[in-house]
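Heavy-atom basis, side chains included; hydrogens, waters and symmetry copies ignored. Heads up: numbering here begins at 1 and tracks the sequence.
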Amino acid sequence: DRTAAGAAYEFLRRTEMLLEAWATHPPGGLRSGGLAVRDLRAVATLLHTDPAGAALVVETAHAAQLLALGMNDDLDSAWLPTDAYDAWAARPAADRWLVLAKAWLENPRLISAIGGRDGDKPINALSPGLERTWLAADRQTSLVELLDLPLGHALASGTGIASLVDRLRWRYPRRPAGRFDLVGSHLDQAAL
């Protein structure tokens, strides 16, 4: 419980740091609507995390409607905190955490693909085309399976994710095999 509370606090802190920084120095939006690779690297440096962790914070803030594409003072496209951010920031920490947790859980975007490549071009954070209609349900299914663990138990180190994937394959035999490859990233994101 203490570890989970610490992770929740850290995710809240990183989200606030990101949005406060982008309120004064927003990164430009790409013509495609995404976030440039160099801007994601800058976020990772700011938040003292890796690019995958930075992408999770950025995408979750966007899914929670705390971040949107707007215009900066020079009327250029930029990623800025929304008006909802001010109201969110004034709420108690538990309420802010709930907003972020629900936004991540229901987010249909394939965050784990960010940083990869689609042919010869990089897959950017916040870019269109990462939506998968089945993703939120698969993420929830993976987490619900963990509820069957006895209180105080965890997945075994090294074999736990593989056994969870085997269990999901058995429960959902018609699910395409490639979707089971995402179980590990669902659990990594949940831990963050």
Side-chain angles (χ1 to χ4, degrees), residues 4 6-74 76-91 93 95-118 121-133 135-136 138-140 143 182 184-192:
Y9 172 78
E10 186 63 22
F11 199 81
L12 274 176
R13 187 181 72 77
R14 286 179 172 165
T15 303
E16 290 167 351
M17 285 175 57
L18 168 78
L19 294 171
E20 287 296 323
W22 284 8
T24 55
H25 301 308
L30 298 174
R31 275 180 268 170
S32 66
L35 181 69
V37 172
R38 72 178 178 283
D39 291 325
L40 185 63
R41 284 190 199 122
V43 170
T45 301
L46 172 73
L47 303 181
H48 302 288
T49 188
D50 60 359
L56 180 63
V57 172
V58 168
E59 289 280 346
T60 302
H62 182 260
Q65 300 179 347
L66 303 175
L67 176 67
L69 195 57
M71 290 188 183
N72 62 18
D73 293 338
D74 298 329
D76 292 326
S77 176
W79 288 100
L80 296 160
T82 64
D83 292 340
Y85 169 66
D86 294 326
W88 176 82
R91 296 169 73 179
D95 292 346
R96 287 181 283 146
W97 168 244
L98 184 60
V99 168
L100 293 177
K102 285 180 67 174
W104 170 76
L105 191 61
E106 297 169 358
N107 190 355
R109 294 178 50 81
L110 188 60
I111 300 169
S112 60
I114 296 170
R117 300 196 74 74
D118 182 15
K121 66 180 207 169
I123 299 173
N124 298 76
L126 302 173
S127 63
L130 291 179
E131 294 79 12
R132 305 292 186 270
T133 56
L135 187 63
D138 280 12
R139 185 182 294 129
Q140 291 173 21
L143 295 175
L182 297 173
S185 68
H186 298 325
L187 298 181
D188 289 344
Q189 290 174 10
L192 288 175

Between side-chain atoms of residues 36-54 and protein atoms elsewhere (two or more places apart, or another chain), which donor-acceptor pairs fall under 3.5 Å?
{"residue": "T45", "atom": "OG1", "partner": "R41", "partner atom": "O", "Å": "3.2"}
{"residue": "D50", "atom": "OD1", "partner": "G53", "partner atom": "N", "Å": "2.8"}

*V99 to A64 - nearest heavy-atom pair and separation*: CG1-CB, 3.9 Å

*Residues forming a ring pair (Phe, Tyr, Trp, His ring centres under 6.0 Å) with W88, sequence neighbours excluded*: Y85

*Output all residues satisfying side-chain hydrogen bond (donor to acceptor under 3.5 Å, both in side chains) with N124, sequence neighbours left out; order by chain, then residue number.*
none

*Taking only residues two or more places apart in sequence or in another chain, which ones pass ring pair (Phe, Tyr, Trp, His ring centres under 6.0 Å) with F11?*
none

_Sequence-distant partners of E20, salt bridge (charged side-chain N to carboxylate O under 4.0 Å, His left out), two or more places apart_ = none

*Within the distance-only criterion (no hydrogens, no angle test), does the side chain of T60 pair as donor or acceptor with the backbone N or O of V57 below 3.5 angstrom?*
no

*For R117, does the CZ atom sit with more than 12 other heavy atoms under 6.0 Å from it, leaving out its own atoms?*
yes

*By side-chain contact (heavy atoms from CB on, under 4.5 Å), which residues pair with A8, not counting sequence neighbours?*
W97

*Report the C-alpha separation of L126 and L67 in whole Å, then their side-chain angles, then the decisive distance to 0.1 Å, and conclude whether the side chain to side chain contact (heavy atoms under 4.5 Å, CB included) test is met.*
CA-CA 10 Å; L126 302 173; L67 176 67; 4.3 Å; yes

*Under the side chain to side chain donor-acceptor pair (under 3.5 Å) rule, what pairs show up with a residue in residues 100-112, not counting sequence neighbours?*
E59-R109, W104-Q189, R109-E131

*asked:* Walk me through whether L80 and L19 qualify under side chain to side chain contact (heavy atoms under 4.5 Å, CB included).
replied: CA-CA 8 Å; L80 296 160; L19 294 171; over 6 Å; no

_Which residues pass the side-chain contact (heavy atoms from CB on, under 4.5 Å) test with A7, not counting sequence neighbours?_
none

*asked:* If you compare all heavy atoms of A136 against all heavy atoms of L105, which two are closest, and at what distance to 0.1 Å?
replied: CB-O, 3.7 Å

_Any side-chain heavy-atom pair of W79 and L18 under 4.5 Å_ = no

*With a 4.5 Å limit on heavy-atom distance, are the side chains of L30 and S127 in contact?*
no

*Would you check, one step at a time, whether the test side chain to side chain contact (heavy atoms under 4.5 Å, CB included) holds for L56 with D188?*
CA-CA 10 Å; L56 180 63; D188 289 344; over 6 Å; no

*Mind checking side-chain contact (heavy atoms from CB on, under 4.5 Å) for Q65 and listing every partner two or more places apart, or none if nothing turns up?*
none

_Set of side-chain contact (heavy atoms from CB on, under 4.5 Å) partners for D95, sequence neighbours left out_ = R91, P92

*Taking only residues two or more places apart in sequence or in another chain, which ones pass ring pair (Phe, Tyr, Trp, His ring centres under 6.0 Å) with H186?*
none

